Structures are given as C-alpha cells and as structure tokens.
Amino acid sequence: MVRKWPWKLACASLLTTVLAACGGGSATEAPDTNANRLTITIESWRSDDQKVWTEQIIPLFEKSNPNIHVEFRPTAPTEYNAALNSKLEAGTAGDLITCRPFDVSLGLYTAGHLTALNDLPGVPHFSDVAKSAWQTDDGKTLFCLPMASVIHGFIYNKTIFNELGLTEPKTVAEFFAVLDKIKQDGRYTPLVMGTAEQWEAATMGFQNIGPNYWLGENGRKALIDGSAKLTDAAYVSTFKDLERWGDYLPEGFQAVKYADAQMLFASGRGAIYPAGSWDIAYFNQNAKFELGAFKAPVVNANDQCFISDHTDIGIGINAKTTHMAEARTFLEWMTGPEFASEFSNALPGFFSLSDYPITLKNPLAQTFVDWRKQCQSTIRNSYQILSRGEPNLENELWRTSVGVIDGTFAPEAAAQDLQKGLDNWYKKP
Amino acid sequence: MKELPMLRPNKSRPRWHIAVFLAPALLLYSIVMVFPLLDTLRLSLFSSDGANFVGVSNYQRLFTDSQWWPYFWRALKNTVLFFLLHMLLQNPLGLLLAALLDSKNLRGRSIYRTLLFSPTMLSFVIVGFIWQLILSPTWGIAPAISDFLGIRYRPWLGLESTSLPTVALISIWQFVGIPMLFFMTALLAVPQDILEAARVDGASAWQLFWRVKFPLILPTVGIVSILTFIGNFNAFDLVYTAKGALAGPNFSTDLLGTFFYRTFYGFQLQLGDYAMGTTVAMVIFLIILFGSLLYLLVWQRKVVSYEL
C-alpha cells in the first residue's frame, strides 16, 4: 500500500480535528560524536525498553564492534506506524527498522522499504513458526529478523494454592476442578480477568487455551488454506470452555479493565491469572507472594500440548540505508547467543526466538520458556492473512470472546458469526 | 433586514482596508478549514492507494456493500440514540437548572453556577477515568451507593444493553453546563418590566415561566439544539477513552466518530483506509450540514424572535 503524506491526510480529516495529530514526520538527526565511528540508528516503538537497549544491549554489541555506534530511537507505540511511514517516504528513517508482525511489515516490504534477509548467515537459527510473521505469503522471502515472542499461560498465587491444598492442573477437567475448589472456599476470586477492554478475552482467553483444541500450527494453517472452518468442533469447544469462565471471574468482570485485573491479582485477592508473559515484569515488581505458572490445560492427560508462543517483534533493514554493511553486522550479531541471552534476561517475558538454549535468572520467565521443550509452539491464528479484510478476524475474536464469556453469545452462534464474517471477504488461495 | 443608510465615501478611493481586515481570518480559515475539507472530498473520490479516480464508488460501497453498510448503519443508529438522549435529558435539565438559578431568592447562585459548569471544563480523559472508577465493580463507590439506595448494582459500563446510555449519561453530566449557561444568559435578557407587568396581571410563577419567559428564549432552544446535534454527531473522545476504539461490548457504543477512527486510522490488525475513511468523514459532514441547514432554513424562519 502506498501511503503518501500521512500527516497531511491526518490533518485533512476536518470533522475530527481532535484526532488529527498534525505534528508527524520530524526526525532528529543524532549528532556524530566520533568521526571514526559510524552511527546506525534503530527505529522502534519500544520506548519502554530504551534503557535496556542503550545501557545493556548496545554496549555489548559495541564491545565486539568498536567501529559501529548504534543509536536506539523510539517513537510512542501508537504513533510508530504512521511516523515510520512518513520517515520512510521522506528518506529520513533510521537504518534498522523494528518490525510489527505480519501485514504492517509486509506492506513496508512490498513498498520497497525493507530488504530481503534470506542470505543472512544466522537465519537458520530461527524456526518456521518464528519466521512466519515476517515472510512473504509464499514463505520464500524473509524481510525482518524475528526478535522476540510472548508466551501465554496462567500465573497463579502459590500461597493460595498451598493454603487450599491445590496442585497445578494439567487437564481441562482438573482446571475447572481447581476453580471450583477456590470458588467453594469463597475468599478469593478464582480467575482474575476482565472483559472491559475486549482484547483480554480473546488474547488471554481464546488464544491461550485454543491451540490445544485446534492442534497448534496444523489448525492455524488449515484455517488459511480453507480445509478447516471456524464452525468446526475445535473452535466451538474452545468457546465452550471460555463460556464456563464467566462463573469464576470477578464480580462485574464486564467492566473490569486490564489494569484492574492486574492490580486485583497482585493484591492477593485472586488465585489464577490468565496471562501473557509480558505480565511477568509487573507481577515480579508488585506481587508480594510467590508466583507459579502452568500452561494451558490439555483435554486428555497424555495429549500433545500446544502453547501460544506469539511472534511479537522483529527487526529489518531500511532498503535505502547508506550503511548496509554495518546494519547487517548488527543483525547478524542479533542472531547469536549473546543477544538472545542478554535480551531475554533484560526483558523477562519477551523471549528470544533463536534456537540457542537460554538460561533466565527470572524463575517465572524460565517456567514459561521451558514449555517450549515439551509443547509445540504456535502463533495467534488471526494474525496471518485472516485479518486483512473487514470484518477482520482479530477484532471479531475480541467481540465474540467477550460475548461468550458474558453469556450473550452461545458458543455455536459465536463460531458461526466468525465464519460468516470471514466468508464475507476471505477467498482461499 | 432593512438596508441601513450608508455614508457614501469618496468614490475614487478603493476601500482596501476591508480586504486587509478580512484577509487574516479568511486566510486562516481557508488553510485550516476549507482546504482540508476540499482535500477530504478529493481523497474520498480516489481509490485506497490514491492512484485512481473512482468517482462516487466509495460512497456506493459504503451504502450498499455488506462489508460496510451494516457497520455504518449501526454506528449511525447509536449516534442518533446518543443525540436523542442528550436532547431529552441534557437540554431540559440545562433549562431546569437555568430556571432555578434565575430565581432571585436563591443564595449562592454563582457557586452553584460554577460547580455545575465545572465538568465542562474538564478533559474528557479525566471525565472518562473518573466515571470508570466510580462505576468500577472492583474499586468503585457505585456498588455501595446502589446497595444503599436499594438498586441492584450492575457493571453498567460493561454490559451491551446499558453501555451506550451510560456513556451518554456521563457525557450529559459533563456538558449540561453549556445549555444551562445559554439559557441563563437568555433568561437574564428578559426585561424586568415585562415580568412585572405579567405579575401585576396575576400570573403565577409557572405561568410566568411558560407563558412569558419560555417564548422569549425560544431562539436559544434552537441554538442549543443545533449545537447539541453538531457536538453529538462529532462525538468520539469519551467513547474512545472509556470503551476504546472498538467501542464494545459488541459495538454497542460505536458512534460515527469511532467508526470513522477505525476506518481512517486502522485499529490493531485493521489497516487504515484513507479513501473509505474520508468517505465516512464526508458523509458525517453532509449529515451535519443537512441538519444545520434544516435549522437555518426552517427553524430560524419559523420561530418568532421578539424585539425586546
């Protein structure tokens, strides 16, 4: 997609002048402090991680590559896509581009803003699942290097589990038995999640427990090639599980926001928290009790398990960079074990996607990443291709998951709604 | 309007000062209003990648395509409901408050006036945050208050059936000060001698208000209505802060503003579509234009303005 002058377009929306952020597109050039050192810059939306990059990751790289200076230049997450687009159009973007997964970055590649990375020597260290977010639809060209993923599971309060004599559930039946026991005791909220922001229901609910029903990548790919439908038993069963969650969630969960749920669990008033691994950092800081984690329950005790190990962030090279060799040196270093270990430890909950075994100092993060050994990884099924048209599958999943938990949608009806929405625009390849 | 007798200035001198005085405003208005409007119109007539002129086919798509029309229609219906709630509650409430504050026996009028007007000056972010906190099932005081009043507490802001009225009530709470101020100013302008004459004739307070004051402030009712209409059809911010751009649950709080936002800027995995976004924006503009014209051409001509 060609996006010309986004700032101008933004200004053009007269009727919603409140929205128009007419300031876009100003890039500040970093001063060149050392004439002998080349400076390459990284565009990123991870302003939260600026300290980690500038104080830990980049110095580590510069130690082994003293001739290259790397500058981390983040933009606010909500403005990143638009700001990056205008910078790329104007030719003022940095040398390295942090990549959003799937279509946003694919768009940049097809518009000629990113270079293909197939010949980067370190690429074989990444699995197909990891690469899927930054490949062309035919899987032939890789345009961003996978950087990190987030893993779904359940974080629980060990103090409450010990007190009530509970053990980590492995199957769906055990999961609900544990929830029932906590509910009977009556002092704690069994399952801490709200549906007010909608994405929790789909991301921490549907995408968390679903892969065990649709068998991970198999099911995800079957949806894309059209051999499976969202009305199939796998998806209805996922919704049926989700429907039961409503009984165990906090009072008035329909208006409980994400931050409310985080605080509720951190304050020790709830037992189990459907989590994304990015929550680890928050709970490590704010929860005053011991934390444990278990993965999404399987249907039968000996079933193969699947986890949502979602590719969230990648990095590519600006096609118009004047420092191609240096940018490639940096990316090649990022494929190595040094980066994998440093990154995953500095940002617990964001896991490097390369195949080097990493040891994490954070035990909870280690629990999450260990699931990769026993279970097969998959990504969220709505992210690749299936959210290209309207209504897009991702937003539809938010809407229907909320309805199912709330009881306003029957599981079958929700599944039919999803399939109908997809049939509206999606033509199988 | 009658022509005023004008002094004829010296014919030979062109009146440059008129152009000079008009220019800054005209220039500014053209840059920030007229040009963006025309550019919006232009964009809505092109394909999504901006390359091909497609005529009105974007509008055709919006009104007939099953990918677009049901969602636009839902947003339109919600907006109309949002507007009607304001007309039925906010403006009568504003009138009531103005009438009460107009009473000469009331002490501390300016304090009440300031208090009632103050939410209007708050940022919508703060208003959205405060009300979410008040109504929160976890931390809010609403559950306790409803218990005390014997009402069954529900997470009103989170239920499909009640979220839109709840958001509308929050918006009414915030903006009731505006119609109140308009009506107060109008009531202040009612001359004392007319009221005294009515009192001498034996009119009760009720009759005084409805027979004398209200007809005199009727033009203000029109202005307040049209301002409410324009404000509500542009409404976006409160829903965005309280419910997010996806305006849940199940799109029950989706207004034309949030629908436009998602279409133009995109949301999550939905990519922004400039052509369809500007098309939606133009349709919203035309709805508002049509409503305003209706007001100017019908209401303003029909309503009797009394010379006071």
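Here the structure is a predicted model, which is why all the values come from computation and not from measurement. The basis for the numbers below is simple: all heavy atoms, side chains too, and nothing from hydrogens, waters or symmetry mates. Residue numbers start from 1 in every chain, and the chains themselves are labelled A, B, ... in the order their sequence lines are given, proteins ahead of strands.
To the nearest 0.5 Å, atom CG of residue A:Asp260 and atom CD of residue B:Gln132 are 8.5 Å apart. Note that CD of A:Glu394 and CD of B:Gln270 are 11.5 Å apart. Values are rounded to the nearest 0.5 Å. Here the CG-CD distance, from B:Leu246 to A:Glu197, works out to 11.5 Å after rounding to the nearest 0.5 Å. Annotation: the span from A:Lys257 atom NZ to B:Trp139 atom CH2 amounts to 14.0 Å, rounded to 0.5 Å.
Using a 4.5 Å cut-off between heavy atoms, A:Arg100 makes no contact with chain B at all. Contacts between A:Asn395 and chain B at a heavy-atom distance below 4.5 Å involve backbone atoms as well as side-chain atoms. For B:Tyr240, no part lies under 4.5 angstrom from a heavy atom of chain A. For A:Phe102, no part sits under 4.5 Å from any heavy atom of chain B, backbone or side chain. In this structure, chain A has no heavy atom under 4.5 Å from any part of B:Ala51. Both the backbone and the side chain of B:Gln67 have a heavy atom closer than 4.5 Å to some heavy atom of chain A. Residue A:Thr408 touches chain B through its side chain alone, counting heavy-atom pairs closer than 4.5 Å. Within the 4.5 angstrom heavy-atom criterion, atoms from both the backbone and the side chain of A:Glu390 approach chain B. For A:Trp199, no part sits under 4.5 Å from any heavy atom of chain B, backbone or side chain. Neither the backbone nor the side chain of B:Ala235 comes within less than 4.5 Å of any heavy atom in chain A.
Contact count against chain B (heavy-atom pairs under 4.5 Å) is highest for A:Asn392 among A:Thr400, A:Leu393, A:Asp406, A:Asn392. Ranked by heavy-atom pairs shorter than 4.5 Å toward chain B, the options A:Gly403, A:Pro250, A:Pro391 are led by A:Pro391. Most heavy-atom pairs under 4.5 Å with chain A, from the set B:Gly244, B:Gly266, B:Gly248: that is B:Gly248. Most heavy-atom pairs under 4.5 Å with chain B: of the set A:Met263, A:Gln198, A:Arg388, this distinction falls to A:Gln198. Chain B forms the most heavy-atom pairs under 4.5 Å with one residue out of A:Gly421, A:Ser387, A:Gly389, and that residue is A:Ser387.
At most 12 non-hydrogen atoms from other residues, nucleotides or ligands lie less than 6.0 angstrom from CD of A:Glu251. Counting non-hydrogen atoms of neighbouring residues, nucleotides and ligands closer than 6.0 angstrom, the CH2 atom of B:Trp73 reaches no more than 12 such neighbours. Atom OH of B:Tyr29 has 12 or fewer neighbouring heavy atoms from other residues, nucleotides or ligands inside a 6.0 Å radius.
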*Could you walk me through whether A:Val256 and B:Ser136 pass side chain to side chain contact (heavy atoms under 4.5 Å, CB included), step by step?*
CA-CA 7 Å; A:Val256 170; B:Ser136 164; 6.0 Å; no

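The heavy-atom pair separating B:Gly158 from A:Ala255 by the smallest distance is N-CB, 4.1 Å. A:Arg399 and B:Asn250 make their closest contact through NH1-OD1, 2.6 Å (heavy atoms, listed as atom of the first residue, atom of the second, distance). Residue B:Pro137 comes nearest to A:Gly252 through the heavy atom pair CG-O, 3.1 Å, listed as atom of the first residue, atom of the second, then distance.
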